[in-house]
Amino acid sequence: MIQEVGLVTKQLDGNALKQVILDELTTTVDQLFTKYQKRPGLAVVLVGDNPASQAYVGMKKSACKRIGVESFEHLLPEDVGQEALMAVIQQLNQDDQVHGILVQLPLPSGYDEQAIIELIDPSKDVDGFHPINVGRLLSGLPTIRSCTPYGVCELLSYYKIETEGKHVVIVGRSNIVGKPLAAMLVQKETPGNATVTICHSRSKQLKELTTQADILVAAIGQPGFITEDMVKEGAVVIDVGINRVSDPNAQRGYRLVGDVEYESVAPRSSAITPVPGGVGPLTIAMLMKNTVAMFRRSLDVPAV
Ligand code: GUN
């Protein structure tokens with residue numbers, strides 16, 4: 001599963017781990033169905049017609065189908081309005097068949113995103129974005145973990161990449177990736193116990209910070225932002241970016257690239273995630289894991 005790409009660099013295969021996780025979840029969902037005659041339900045709400053968001057929603061739907069989770073899609077027009085969107089969330093909060101609610105972000109301009117996040121019942125907040133769940137994470141209490149940073153942690157565990165005592169430098173301070181990942185890796189747990197630095201667009205001497213990283217995480221949303229000179233020899237490089245860049249030679253007219261300039265950085269690193277096929281598939285896998293965990297909680301069946 002670990003592919004050699006160069007003399008020493010290992011490619012961390014997110015698709016392979018996704019399959020392992022989804023296989024396990026399929027068995028769990030089958031067993032729970034046999035016992036309780038109920039299935040987990042995930043509601044996905046998409047406002048507008050952003051093509052990337054539509055693609056993600058499609059992937060989420062097929063992952064649900066693959067593991068036997070019911071999916072409820074709410075595809076709303078861009079001009080649906082804040083109040084109507086809030087009414088949809090309130091209705092999903094009340095719906096016993098729905099165990100997880102995901103509102104695809106970003107919402108189109110004009111929406112109060114935070115008000116929507118805070119309206120979701122924290123026990124159905126499958127993204128872990130509600131301030132109650134964010135606060136629980138920071139406090140080291142059991143909670144739902146945001147899917148992308150949770151996926152990064154799973155990838156590090158699966159490939160037995162030690163984090164204890166290591167310097168993890170995260171480039172990007174978003175609520176979706178940078179901040180929750182820092183909160184996870186600093187906890188007294190495994191993976192965790194890391195020294196964590198978050199840098200961002202206003203950080204000075206960025207290169208001096210990134211070259212200190214034993215594990216460098218790029219989550220800034222800029223294609224090829226991390227170049228060879230920003231990476232310490234032998235570092236582990238985790239690329240969270242998924243950027244569409246136009247490519248007239250590609251069938252769809254674009255190709256996906258990460259935040260890391262892969263070709264130059266890979267030979268310097270001891271392990272690296274590709275884009276696509278690295279962290280991206282794990283976001284979906286962890287969404288499924290969270291949905292099943294919330295379903296178990298609703299049945300009062302403890303996590304295994
Ligand atoms: N947009 C990009 N990543 C995510 C995510 O993990 N959850 C939601 N809801 N929207 C996103």
Side-chain angles (χ1 to χ4, degrees), residues 14 18 21 41-61 63-64 69 71-76 78 85-86 88-89 92-93 98-109 111-122 124-134 137 143-155 170 172-184 217-223 238-244 256-259 273 275-276 278-291 293-294:
K18 177 185 173 188
I21 294 168
L42 174 67
V44 177
V45 180
L46 175 62
V47 181
D49 53 8
N50 178 307
S53 295
Q54 284 174 332
Y56 292 135
V57 169
M59 286 189 257
K60 287 164 186 172
K61 189 178 172 183
C64 285
V69 165
S71 72
F72 305 97
E73 266 183 57
H74 294 261
L75 307 178
L76 307 173
E78 182 159 348
L85 176 56
M86 291 178 96
V88 170
I89 306 293
L92 294 172
N93 280 343
V98 171
H99 306 97
I101 302 170
L102 180 145
V103 178
Q104 187 65 35
L105 303 179
L107 287 171
S109 63
Y111 287 87
D112 181 347
E113 213 163 82
Q114 192 58 27
I116 299 294
I117 289 170
E118 290 185 28
L119 188 62
I120 296 172
D121 179 338
K124 294 191 178 189
D125 169 34
V126 74
D127 268 317
F129 292 163
H130 192 288
I132 287 186
N133 291 324
V134 175
L137 174 69
T143 189
I144 285 295
R145 291 165 174 246
S146 300
C147 305
T148 301
Y150 190 12
V152 171
C153 292
E154 284 287 297
L155 197 67
I170 302 169
R173 57 174 156 181
S174 70
N175 288 343
I176 295 183
V177 184
K179 284 191 261 180
L181 182 60
M184 289 174 201
V217 181
I220 197 157
Q222 291 188 36
I238 307 290
D239 191 352
V240 181
I242 304 178
N243 308 289
R244 289 184 175 199
L256 295 179
V257 298
D259 291 353
T273 58
V275 176
V279 175
L282 290 174
T283 297
I284 306 270
M286 303 328 281
L287 173 65
M288 295 300 115
K289 197 159 175 162
N290 279 350
T291 304
M294 293 166 113

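Both ligands and their constituent atoms are indexed starting at 1 by order of listing.
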Would you mind finding which of L105, T148, V126, V177 brings a heavy atom closest to atom 1 (N) of ligand 1?
L105
Taking every heavy atom of L282 against every heavy atom of G151, the minimum-distance pair comes out as CD1-O, 3.5 Å
Take D239 and T273, measure what side-chain hydrogen bond (donor to acceptor under 3.5 Å, both in side chains) needs, and give me the verdict at the end.
CA-CA 6 Å; D239 191 352; T273 58; 5.6 Å; no
Around atom 3 (N) of ligand 1, find the nearest protein heavy atom and jot down its residue, atom name and distance.
I176 CG2, 3.9 Å
What atoms of ligand 1 come within less than 4.0 Å of a heavy atom belonging to L102?
9 (N)
Of all heavy-atom pairs linking L107 and E113, the shortest is N-OE2, 2.9 Å
Which heavy atom of the protein is the closest neighbour of atom 5 (C) of ligand 1, given with residue, atom name and distance?
D127 OD1, 3.8 Å
Is a side-chain donor or acceptor of K18 paired with a backbone partner of A285 at a separation under 3.5 angstrom?
no
Considering only heavy atoms, does V103 approach ligand 1 within less than 4.0 Å through its side chain, its backbone, both, or neither?
backbone
Within this structure, what is the CG-CD distance for the pair L76 and E73, rounded to the nearest 0.5 Å?
11.0 Å
Give the atom numbers and elements of ligand 1 that come within less than 4.0 Å of a heavy atom of F129.
7 (N), 8 (C), 9 (N)
